[in-house]
Amino acid sequence: MKGIPDAERTLVMGVVNVTPDSFSDGGRWFTPSAAVAHGLELIGQGADLLDVGGESTRPGARRVPVQDELDRVLPVVDGLVARGAVVSVDTTRAVVAREAVARGARLVNDVSGGLADDAMYGVVAETGVAYVAMHWRGHADVMDDLDDYDDVVADVRRELASRVAGLRSAGVRDEQIVLDPGLGFAKAGASNWPLLARLPELVGDGFPVLVGASRKRFLGHLLAGPGGEPAPPLARDGATAAVSALAAAAGAWCVRVHEVAGSADAVRVAAAWRAVPDPGDEDELAVDEDARTGGSTR
Ligand code: PMM
């Protein structure tokens, strides 16, 4: 099946990191069977799709050899696809994307937006797979030094627009493209909040938007204890769910989270919130009244 998965509400993507060192859940689901079991558990908690990744993007992380990434990711993609899950592969490598798509992955989630591998756009064009282009400026070992913006929202939108131009010229269709502001990637703490608060600007650019705030450092700093020490990753899930609600209310297509249950509730709250018609909009109210009465009141 092709195309970007869709629903009436914002989707919830559950994270399945098959890595020994991801910043919030490294090593917990490192064997294929543990990772598949974890993915199925996330579906039970309300995940609409699962993002399988074999390379940590934790700040400072070193690159993983390509064969190790393939060995980590492919058995998990196989196991989850066989159980009917909608699978996304979190990779910056064209060869990993190609193999995962051949095994049934429906989405390629590329945190580098294609900048890490020249062959990526060609694979996306050729396979017709849905593709997340995240805002990125460099690999994890250098990204903390690349946080220099005039206006972080305008700069991120402009850089994402250039990713879109590259995708189009490689033959990728607009219907395949999802954009992501890349929270925490070459973004110091304070740079993340404008990207969230001004999310409607990115949504307004016309592509589905994915938001990945889950357990990130800027939430740890927000929730710092009295001595200023950041809240640990596992203590950031309430704040993550709050971001999910607000992002969904702002029109995000999907939220990417480690703890699914809270965000599954949050996106439903946002959908109910958004479904209430604006009393200032008479056309919308009339349509709503028609829907309730079968159009018999006029
Ligand atoms: N963040 C991480 C990994 N993959 N993908 C997208 N599209 N957006 C993100 O914000 C994102 C991502 C880092 O978090 P992890 O190490 O906990 O998976």
Side-chain angles (χ1 to χ4, degrees), residues 4-5 10-30 35 38-39 42 47 49-64 69 72-73 76 87-93 96-97 100 105-116 120 124 129-137 139-141 143-144 156 160 163 177-187 191-192 195-196 199 202 207-220 232-234 236-237 239-240 243-244 247 252-260 263:
I4 298 171
T10 300
L11 298 177
V12 178
M13 172 187 274
V15 178
V16 180
N17 279 328
V18 199
T19 56
D21 60 345
S22 267
F23 79 99
S24 71
D25 57 0
R28 293 177 71 191
W29 300 288
F30 192 45
H38 179 58
L42 296 182
L49 60 165
L50 298 172
D51 192 34
V52 179
E55 181 171 44
S56 173
T57 51
R58 177 175 53 83
R62 306 281 285 273
R63 299 233 51 198
V64 169
E69 190 183 347
R72 290 176 185 182
V73 160
V76 181
V87 171
S88 156
V89 61
D90 187 343
T91 187
T92 62
R93 288 177 165 133
V96 178
R106 290 267 310 273
L107 196 80
V108 172
N109 175 26
D110 179 358
V111 299
S112 83
L115 297 181
M120 182 62 97
V124 177
V129 71
Y131 177 74
V132 180
M134 198 193 80
H135 179 262
W136 185 88
R137 286 180 162 184
H139 284 289
D141 54 343
M143 69 180 178
D144 282 353
V156 164
L160 286 176
R163 300 297 95 76
I177 302 174
V178 173
L179 299 180
D180 182 329
L183 301 173
F185 287 81
K187 322 272 178 335
S191 299
N192 294 288
L195 289 166
L196 286 169
L199 201 60
L202 183 56
F207 292 92
V209 171
L210 174 61
V211 171
S214 187
R215 295 182 179 169
K216 285 193 174 158
R217 279 181 297 177
F218 73 102
L219 296 179
L234 294 174
R236 302 173 191 168
D237 286 333
T240 299
V243 172
S244 293
W253 162 73
C254 183
V255 291
R256 178 185 181 278
V257 296
H258 301 85
E259 193 277 323
V260 163
S263 287

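What's counted below: heavy atoms across the whole structure, side chains too, no hydrogens, waters or symmetry copies. Just follow the structure's listing: the first ligand is 1, and inside any ligand the first atom is 1.
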Glu259-Thr240 side chain donor-acceptor pair, cut-off 3.5 Å: no

Does the pair Asp110/Arg163 count as a salt bridge with the N-to-O cut at 4.0 Å? no

What are the atoms of ligand 1, with element, lying closer than 4.0 Å to any heavy atom of Leu210? 7 (N)

Geometry only, no angles: is Met134 polar-contacting ligand 1 at N/O separations under 3.5 Å? no

Please verify whether a non-hydrogen atom of Arg215 lies at under 4.0 Å from ligand 1. no

Between the side chain of Glu55 and the main-chain N/O of Val64, is any donor-acceptor distance below 3.5 Å? yes

Specify side chain, backbone, both or neither for Asn17, according to which of its non-hydrogen atoms lie closer than 4.0 Å to ligand 1. side chain

Checking Thr91, Asp180, Asp51 against Asn109 for side-chain hydrogen bond (donor to acceptor under 3.5 Å, both in side chains), the one that qualifies is Asp51

Using a 4.0 Å cut-off to any heavy atom of Thr57, which atoms of ligand 1 qualify? 2 (C), 3 (C), 13 (C), 16 (O)

Distance-only, no hydrogens or angles: does the Trp253 side chain make a donor-acceptor pair with backbone N or O of Pro5 under 3.5 Å? yes

Mind checking whether Lys216 contacts ligand 1 via backbone (N, CA, C, O), side chain (CB onward), both or neither, at a 4.0 Å heavy-atom cut-off? side chain

Is it the case that the side chains of Ser263 and Ser244 hold a donor-acceptor pair, with the cut-off being a distance below 3.5 Å and no angle test? yes

The residue among Leu107, Val211, Val257, Val260 that forms side chain to side chain contact (heavy atoms under 4.5 Å, CB included) with Met13 is Leu107

Against heavy atoms of Val111, which atoms of ligand 1 measure under 4.0 Å? 4 (N), 5 (N), 12 (C)

Please determine if Asp90 has a nitrogen or oxygen closer than 3.5 Å to a nitrogen or oxygen of ligand 1. yes

Using a strict 4.0 Å cut-off to heavy atoms of Asp180, name the atoms of ligand 1 that fall inside it. 6 (C), 7 (N), 8 (N), 9 (C)

My understanding is that we take every heavy atom of each candidate and find the minimum distance to atom 7 (N) of ligand 1. Doing that for Leu183, Leu179, Asn109, Val211, which one comes out nearest? Asn109

